[in-house]
Every structure is written in C-alpha cells, then in structure tokens.
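A short write-up of the structure that comes next.
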Amino acid sequence: MIKITFPDGSIREYNKGINSLEIAEQISPRLAREVYSATVNGEVWDLSRPIDNDATLKLNKWEDEEGKHAFWHSSAHLMAEALEALYPGMKFGIGPAIEQGFYYDVDPGEAVITESDLPAIENKMKELASKNEVYSRRSVSKKEALDLFTKKGDEYKTELISELTDGTITLYTQGNFTDLCRGPHLPSTEPMKAIKLISVAGAYWRGNEKRKMLTRIYGITFPKQKLLDEYLVFLEEAKKRDHRKIGRELELFTFSPKVGMGLPLWMPKGADIRQNLINFLTGVLRKRGYKIVATPHIGNVNLYKTSGHFEKYGADSFQPISTPQEGEQFMLKPMNCPHHCEIYNATPHSYKDLPLRMAEFGTVYRYEQSGELHGLTRVRSFTQDDAHLYCRPDQLREEFKGIIDLILYIFRILNFNDFTAQVSLRDPNNKQKYIGSDENWERAEQDIIQAAAEKGLQTTVVTGEAAFYGPKLDFMVKDAIGRKWQLGTIQVDYNLPERFDLVYNGSDNQKHRPVMIHRTIFGSMERFVAVLIENTIGKFPLWLAPEKAVILPISEKFNDYALKVLEILNNSDICTLIDERSEKIGKKIRDNELKRIPYLLIIGEKEVENGTIAVRKQGEGDKGSMKVEEFVSFINSEINKEIAL
RNA sequence: GCCGAUGUAGCUCAGUUGGCCAGAGCAGCUGAUUUGUAAUCUGCAGGUCGGGGGUUCGAAUCCCUUCAUCGGCUCCA
C-alpha cells in the first residue's frame with residue numbers, strides 16, 4: 001500500500017502502482033471525466049502513469065493551468081497526426097501548448113500550407129479525435145530514438161534527440177503518430193470535443209533567423225463546443241478594442257504612406273490626450289524632485305560612438321545625416337541618455353547635490369524592421385517619458401524603490417491593475433553580448449532584485465533579456481488579445497557614467513563615479529496611449545478625455561441659450577462642443593454617444609426656462625438637470641477624484 | 001528582414017467562371033423638417049478597383065513586379 005496526500009491535506013491509502021485516473025474514478029466518476037493531468041510530488045504526470053511510492057497528488061482539471069496544458073499539448077500531437085495523414089512525409093519541429101492553445105512547427109517540404117487548408121486539417125483532427133485514440137508513453141534509449149526518427153527522415157527530431165541525455169527520452173504514441181515528447185498527455189483524444197485552427201505563420205527553426213523557416217500552425221481546442229464559441233466571441237470582441245480601429249474611429253491618430261511607415265501622426269484629439277498625460281506626469285515629477293530638460297532631435301555621430309550605441313546599433317539605425325561640411329555626421333537620436341549625460345557634465349557636481357533626477361519627454365527615432373511595426377505600439381518615431389537619475393552608489397537602492405513607487409502610483413491612477421513585473425538579467429553564457437565589468441553587473445543585478453523584494457513587488461526573473469549595458473525591471477501590460485507590451489522600465493547602468501567620464505566630488509574631496517538609472521513610466525506616449533485605448537475601449541477617464549461634454553439643443557430655437565452655456569463651460573476650462581445640426585435629439589444622442597464624449601448636455605424649453613442643463617452621462621443615461629455652475633463644480637470634483645490618490 | 005494572407009469611395013463591405021458607363025449602407029454636402037434621451041425624409045457629390053508592367057478584342061477579376069497593411073517569426077538601445 002502507498003499513502004497519497006491530497007491538496008487539502010487528507011491522506012488515503014491505495015495499492016502500489018495505481019494511477020491518478022483510477023484514484024480520480026474512486027473519488028467520483030465525474031471527476032475522472034474532468035481531470036486531464038496529475039501533479040505528483042510537484043511534477044506534472046500523465047493520469048495513466050503508475051504511482052509506486054507515497055506521494056502528494058493534485059488532480060488537474062480544465063480550470064488548472066496544468067490541466068489545460070496537457071489538453072492543448074495533446075491537441076498539438078493530434079494536429080500532427082492529422083498533418084501526417086494529409087501530407088505524407090511532412091517533418092515535425094516542436095509543438096507545445098501556449099497560453100491560449102497550442103502550435104506545431106512543421107516543414108511541409110514542397111507543399112505550402114495556407115489558412116484555406118486549415119478546415120481540412122481541422123476535420124481530419126475531429127475524425128481522429130472521435131476514434132478515442134489512446135496516448136501511450138514509452139521510455140526509449142537514445143539510440144532507439146535516433147534510429148526511429150532517422151528512419152523516418154525527420155532531421156528536426158534527430159537534432160533534438162542528439163542534445164538529450166540517454167535515459168531521459170520518452171516517446172508518446174497515439175493512433176499512427178509517434179512523437180518525441182516529455183509529456184504529459186491526456187489518457188486519450190476523447191475529451192477533445194471542439195477544435196479550431198486559428199492561423200498559420202512562419203517561424204524560424206529554434207528561433208534562429210539563420211536557420212530554416214518552418215510553418216507554424218496555431219490552434220485551440222476545448223472540451224465543450226460552448227467554450228470554443230465563447231472563445232471565438234472573445235476574439236471578435238477583442239478586435240473591437242483594437243487601438244488601431246478605435247484610433248481611426250475617434251480620430252486620435254493616423255499614419256500616412258507619404259510621411260512614412262511607422263511614423264505616427266497625432267490628430268487633435270489624440271494630441272490632447274497625449275498632452276494631458278504629459279502635463280499630469282510633469283506635475284508629479286516636479287513634486288518628486290525631477291528637473292525637466294530638453295535636448296535636440298539629432299546628435300553628432302561621435303556622441304553615440306562615445307556611448308557605445310553606434311557600435312551596437314549603428315548599422316541597423318537610420319543612417320547618419322551628412323552636412324555640407326566634409327566628414328561631419330549627425331544621427332537622429334535613438335535615445336536621450338547621451339544628451340543627458342552631457343548636461344550632467346556641463347556643471348560640476350558635489351555628493352551633496354545627488355541624486356540628480358533629469359527628465360525629458362524626448363522624441364526618439366529607431367529604425368525598426370518593417371515587419372515589426374504595429375499600430376502605435378511599435379513605431380519608428382516615439383516620445384519617451386524618459387528620465388535619468390544620477391546618484392551615489394549608496395543611494396541606488398532607495399532611488400530604485402522610489403521609481404517603483406512612482407510607477408505603481410501612476411498605474412493605479414490609470415487603473416492598470418493587470419500588469420506583470422519582469423526582472424531582466426544578462427545571459428551568463430553569452431557575456432560578449434553585453435558591455436561592462438562582471439563586478440558591476442553583479443552589483444546592478446543584486447540591487448534590482450533587492451529593491452523589488454523590499455517593495456514587495458511580485459516579479460518574474462528572465463535571463464538573457466537585459467539591455468546590453470545593464471539589467472532592468474520592466475512593467476508589462478497586455479493588449480486586447482493578450483499580447484504583452486513593455487511600458488515602464490527601470491534600468492541600472494554603471495557603463496555610461498564611465499564612457500562619459502561622469503564624476504562628482506565626494507566628502508573626501510576625491511572624484512567619484514555616479515551610478516545612472518534609466519527609467520520610463522509610460523514607456524512611450526505612443527505605446528501607452530495604445531494600451532490605454534485597448535483598456536478603456538476609447539472611454540477615457542474624464543481628466544484625459546479631449547472633450548468633456550457636448551451640448552445638444554433639442555431644436556434650433558434653443559441655440560442662443562446653448563451658445564451661452566457653451567461659452568461658460570469653455571471659459572471654465574471644460575472643453576465643450578455643441579451639436580447644432582437640425583437633427584432629432586435621438587440622433588444627436590446616438591452620434592455623440594458613439595464619439596465617447598463623457599457628458600451630453602441636453603437643452604430644450606424646460607432648461608431655458610429654468611436656467612439649467614439636462615445631464616446625460618455617456619454609457620449610463622440621463623442624470624437629471626442641474627445649473628451650469630453646479631455642472632462646472634461637479635466636473636471639477638470628478639476630475640479631482642480621478643487624479644487624487 | 002523572413003513566412004503566409006489581404007488591398008474596391010473617408011469608414012464597413014457587394015461585385016458570379018474576365019464582358020453593358022464599378023454598386024450599397026454609414027459619414028459628407030443640398031433642401032425640407034424644429035424635433036425631449038441611441039438612427040426623420042429628399043437630392044447631390046464622391047473611386048486612375050494600392051502603384052507599375054504584362055496576357056487578352058476586352059482586366060477590379062488572370063500573370064509578374066512593387067508598395068502598404070494584417071497574423072506570426074526574428075529584433076526591440
């Protein structure tokens with residue numbers, strides 16, 4: 001007998017060699033139907049794998065990540081089986097489960113798979129799934145595995161196997177398809193009731209652009225058709241939140257091929273939102289001891305040679321601008337830090353002056369690859385809410401924590417609750433990608449980890465994601481369809497202070513090297529507004545809205561009074577419009593509701609008589625009448641509530 | 001940059017296998033209407049069918065090329 005400990009702490013005894021599915025069946029047949037994988041002693045297992053010793057056991061259902069993961073991973077194998085049946089000789093790369101579904105990278109040889117082929121593959125999957133094929137696990141020797149896939153001619157699998165250690169290799173088979181796989185998988189294809197292939201895309205083998213591009217097929221499966229239908233509705237809804245669509249509808253920004261791709265043009269309303277953000281943040285920064293600076297959009301190429309950016313990115317940047325002067329070259333600035341360093345160098349500094357917090361809403365230009373451009377989230381010209389903090393080494397951690405505070409404060413005001421924080425460290429196996437001494441890297445990485453820990457920030461640590469000059473802490477927010485975008489970032493840099501020979505006088509009257517922190521909160525105005533649009537579906541908080549209210553006279557008879565109200569509101573700094581068209585009130589309400597103007601002010605006979613306005617809140621409806629002065633103070637108090645935290 | 005898809009009026013879309021001067025709704029402009037909480041009616045205007053080249057008696061439709069966009073990959077100071 002063996003003892004099995006469940007998550008609630010209860011312990012039951014079973015015969016040695018029992019498997020998780022049998023345990024689930026003994027608890028309840030219904031549970032057995034809903035469970036997809038088991039976590040045994042902290043390791044995710046197949047349900048059918050026998051348990052031979054005392055263990056802790058968690059049964060994973062659809063609601064558990066481990067359950068979904070096994071479900072989708074098994075689905076990837078099912079898709080591979082279908083592909084092999086439809087395209088004999090197809091070679092297979094890898095086919096993992098992902099956050100939303102799964103994919104498989106395949107090499108179809110001469111054949112080309114396009115989206116029009118997906119329904120046929122989908123149908124084949126359904127056909128195979130309905131056979132209730134069993135997934136069986138088998139441990140094999142490295143030689144056996146190599147022989148099998150060499151015989152099959154699958155060079156991607158043999159490459160993978162050659163890197164594995166003998167004795168750890170397992171194969172999974174369902175139906176006619178056998179794959180190299182660590183597992184775990186469902187007991188059978190039976191639960192896969194709803195199957196949808198989403199898209200095809202190219203993907204480099206092993207993520208290396210020097211290697212062959214395989215065809216990646218994305219799909220998703222569910223245990224119930226209803227869940228799939230709901231997912232498809234979610235995708236449709238998400239499309240409506242796309243900032244590119246809303247940006248066009250609300251006339252916030254545009255692009256022009258004549259201006260150039262990836263170069264956003266802010267239209268009046270979008271520019272208002274952007275400016276409101278800038279004004280607000282500027283006020284907050286001044287209170288926190290930041291100094292605002294301004295620097296040019298170009299810099300001599302030597303500036304970037306000094307900073308090291310030219311060597312690293314020069315070839316992939318907008319190329320230098322020449323002048324009539326022989327040999328003189330300028331670059332569009334790709335970042336503000338070198339300029340800021342020269343501001344630092346313009347005056348002598350004492351240890352008493354530090355930290356120096358230098359901020360600029362600085363527009364920068366980066367030659368992003370054409371295929372990378374994406375609405376406002378990835379552009380070639382953008383304005384960073386940039387700042388550089390120069391401090392003594394002993395001040396670093398406190399400054400770092402202060403920035404974490406500031407970012408959390410701004411995110412709170414904007415209701416960005418769903419963010420993740422990522423600590424990005426260098427890849428210790430690939431040190432030539434980075435500049436700076438080991439010692440400084442160690443110190444900087446420790447400072448970040450410590451500061452985040454002291455602020456109680458939940459972080460994930462990723463190696464190999466650091467900037468080339470230092471480690472960083474990034475704040476990521478998701479867009480409408482779940483793509484993650486980096487907004488705020490805090491980066492420690494011991495490197496630029498050396499390259500620019502930044503110094504301060506210490507209490508010992510010796511020259512010392514300051515530490516530098518790069519940081520943004522919004523990341524860039526462009527990306528931030530994009531994410532804000534997708535989070536709010538274009539219904540911006542009142543303080544950010546470009547227009548706060550629109551006056552809707554019921555007929556032209558009331559235009560005189562309406563114009564008077566308009567003047568009062570605009571004079572009170574409440575940006576207000578008037579809709580003077582000779583349309584019915586219902587039509588005016590509809591049109592202005594769709595423009596997401598926060599308040600609709602309806603004026604008819606009653607309002608003229610009483611000297612009031614009828615207030616309707618966008619998305620909510622009639623709020624009753626009030627005097628114009630009351631409305632002014634109401635709006636101001638609403639705005640104060642939004643930005644007071 | 002790479003793989004695949006898409007490109008018809010400001011927006012959303014029709015345009016059968018190549019064949020009458022390329023259509024609709026919304027938006028815009030006219031005129032009528034003067035309206036009480038999500039669409040009043042009339043008329044008009046608007047397109048070198050992304051650009052260029054080709055096949056054909058004839059191309060929005062077929063082929064080539066180029067640009068842009070979309071979904072991914074790579075990249076992201």
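To find a chain, count down the sequence lines: A is the first, B the second, and so on, and within it residues start at 1. No hydrogens, no waters, no symmetry mates; every other heavy atom, side chains included, goes into these values.
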G-U wobble or Watson-Crick pairing nucleotide for C11(B) (cut-off 3.5 Å, both distances): G25(B)
Among C73(B), G36(B), A77(B), the one nearest Ile602(A) by side-chain distance: G36(B)
Sugar-phosphate only, base, or nothing, as touched by Lys584(A) at under 4.0 Å among non-hydrogen atoms: base
Rounded distance [0.5 Å steps], OG1 in Thr295(A) versus NE2 in His339(A): 5.0 Å
C1' gap between A9(B) and G19(B), integer Å: 24 Å
Aromatic stack Tyr469(A)/A77(B): centroid gap under 5.5 Å, interplanar angle under 30°: no
Sub-6.0 Å ring centroid separation between Phe522(A) and Phe528(A): yes
B/S/- contact track for nucleotides 41-53 of chain B, protein heavy atom under 4.0 Å: -------------
Distance, P atom - from C26(B) to C41(B), rounded to whole angstrom: 9 Å
Arg378(A) (side chain) and C76(B) (base): donor-acceptor pair under 3.5 Å: yes
Sugar-phosphate only, base, or nothing, as touched by Lys606(A) at under 4.0 Å among non-hydrogen atoms: base
Base U34(B) paired with Ser582(A) side chain (donor-acceptor, <3.5 Å): no
Base-pairing assignment for A5(B) (Watson-Crick or G-U wobble, both under 3.5 Å): U69(B)
Sugar-phosphate, base or nothing in reach of Ile554(A), heavy atoms under 4.0 Å: base
Atom pair CD1 (Ile574(A)) and CG (Leu569(A)), whose distance is rounded to the nearest 0.5 Å: 5.5 Å
Centroid-centroid under 6.0 Å between Tyr434(A) and Phe468(A) rings: no
Sugar-phosphate only, base, or nothing, as touched by Arg483(A) at under 4.0 Å among non-hydrogen atoms: sugar-phosphate
Contacts of Lys305(A) that satisfy salt bridge (Lys or Arg N to Asp or Glu O under 4.0 Å) - sequence neighbours left out: none
